[in-house]
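Values below: every heavy atom of this structure, side chains too, minus hydrogens, waters and symmetry copies.
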Amino acid sequence: MTTTGPAGVPPLTRHVAAFVVDTQERDIPAEVQQLGKKAILDALGVALPGAISAPGRILADYLHDLGCPGPATVLGTAYRMAPRFAALANGTAMHADDYDDTLQAETGRYQGVHPTAPVLSAVLAAGEARGASGRELLLAYQVGVEVACRLFDATHVNHILHGFHATATCGMLGAAAAVARLYGMDADGVAATLGIAASQAGGLQENFGTSVKPFHAGRSAEAGIVSADLQQRGFTASPIILEAKRGFFQALGGGYEAARLVDKLGRPWSFVERGIWLKAFPTGSLGHPAMTKMLELVRRHDIQPRDVARIRVKTSQNIHHTLLHHQPRTELQAKFSLEFCLAALLLERKCGLNQFHDAYVMRPDVQDAIAKVEYTTFTPEEAARERHTIVTSYVEIEMRDGRRYGERVDAGKGNKDDPMSEDEVADKFRECAEFSRWPMDKAERAIALVRRLEDVADVRDITRELTAAGA
């Protein structure tokens, strides 16, 4: 790569491009590979209910009506499309129920990024078109996820505070990096691909709780393929798109923290450093610690809904701001409502796919339970004094007879400290398949194939099990 940025500015784009090109399978620890396969199985599973969700169904039907057939599978359907459109549909489906994985920000920062949905959707569709092996897909996926996570870490906090959704920005660049690796580009090609993708990055938090949020993941996947394909045909772009004065970091956040990116890619891998959370509940991960504690309290004390006077929950101001639908009326709003999630756990002792639909949200007993939730926030001073994590929460259940059960929680089920096992992820896949009325024999074959992904000769062996009859 011959072009550099201004004197004294770290060559961030070059650094990322070198990582994408130079990383080999031997550079990825066995633990990271295993965690990657678990995350891939998780994402393929959540794509099945995502395909029949309103956003997933509307988008897939729209793309089908455009008449762009091709070699790539739209998961959970009988459709086959051009890779870019399959990636768009699959990324949207994987994120539609907010059941996909998350890298949480470090303490003192904000929100997180959903890395697998955009990256996997891109390399899977591109890989189908090329007949890629499972080993090739896994390497490209690992590279793309790591790029997405480290770029997120390096963004200035204003990137989030000003309203951008990192899955639609950093996730897009991760998808582009992954496809570039799958295509075998050199460093100049990778840099140009990142430059093309960066000008498409966007996605606004204001659309949380609507069909647009999962669309962010789909658009990131699509842009990853489009950017790599255009580069292969001779499209040009700035080779310093990350660090440039008018480039990605500056335009979308007002700066960056180079130390969070330079010499951090794969050192250690994000999968083992903070860990990438797999979700136990199909809703925003920021609420999962409070949900984990709520379920624990209800079960431990055998709490019956009729005996509860009040539920008190306290989180950071950022979580309160992100889980912004405090009186939800629809399924999509409920996914960003901690009040709804706690109410469902009180009433059902579960908060899964069957609870997230409009009729359930509007049930009188559900709305009554939501009204019992008092949601307040910690001050920044409290958080510093008590050494909170980014997701520290406090949950208290007050009974009608005056008894109170309450505890602090610093992390939720699925994070690095309380991970989902391989068997739990396989069971989650089965839950998604059952909810989607997917043939269980096909589901079991998909699970088995992903568990030995590095031995799969052609990724189409996997997508075949996720294609509906009639394809």
Criterion side-chain hydrogen bond (donor to acceptor under 3.5 Å, both in side chains) against His114, the qualifying member of Thr167, Thr102, Asp101: Thr102
side-chain contact (heavy atoms from CB on, under 4.5 Å) between Glu206 and Val212, worked out: CA-CA 9 Å; Glu206 180 61 26; Val212 179; over 6 Å; no
Pairing of Lys428 and Glu431 as salt bridge, 4.0 angstrom limit: no
His216 and His165 aromatic ring geometry - parallel, tilted or perpendicular at 30°/60° bounds: tilted
Distance-only side-chain donor-acceptor flag, His357 / Glu331, under 3.5 Å: no
Sidechain N-carboxylate O distance under 4.0 Å for Lys416, Glu273: no
Cation-pi check, Lys279 onto Tyr99 ring (under 6.0 Å, within 45° of axis): no
Pair Arg451 + Asp423, salt bridge at N-O below 4.0 Å: yes
Cationic N near anionic O, under 4.0 Å, Lys264 to Glu146: no
Electrostatic pair Arg445-Asp461, nearest N-O below 4.0 angstrom: no
Contact check, side chains of Phe356 and Leu332, non-hydrogen atoms, under 4.5 Å: no
Any donor-acceptor N or O pair under 3.5 Å, side chains Gln33, Glu454: no
Ring geometry between Trp269 and Phe19 (parallel below 30°, tilted from 30 to 60°, perpendicular above 60°): tilted
Exceeds 12 heavy-atom contacts within 6.0 angstrom, atom NE2 of His321: no
Charged N-O contact under 4.0 Å between Asp42 and Lys38: no
Parallel, tilted or perpendicular, as decided by the 30° and 60° cut-offs, for the rings of Phe271 and Tyr141: tilted
Arg130 NZ/CZ over Tyr183 ring centroid, <6.0 Å and within 45° of normal: yes
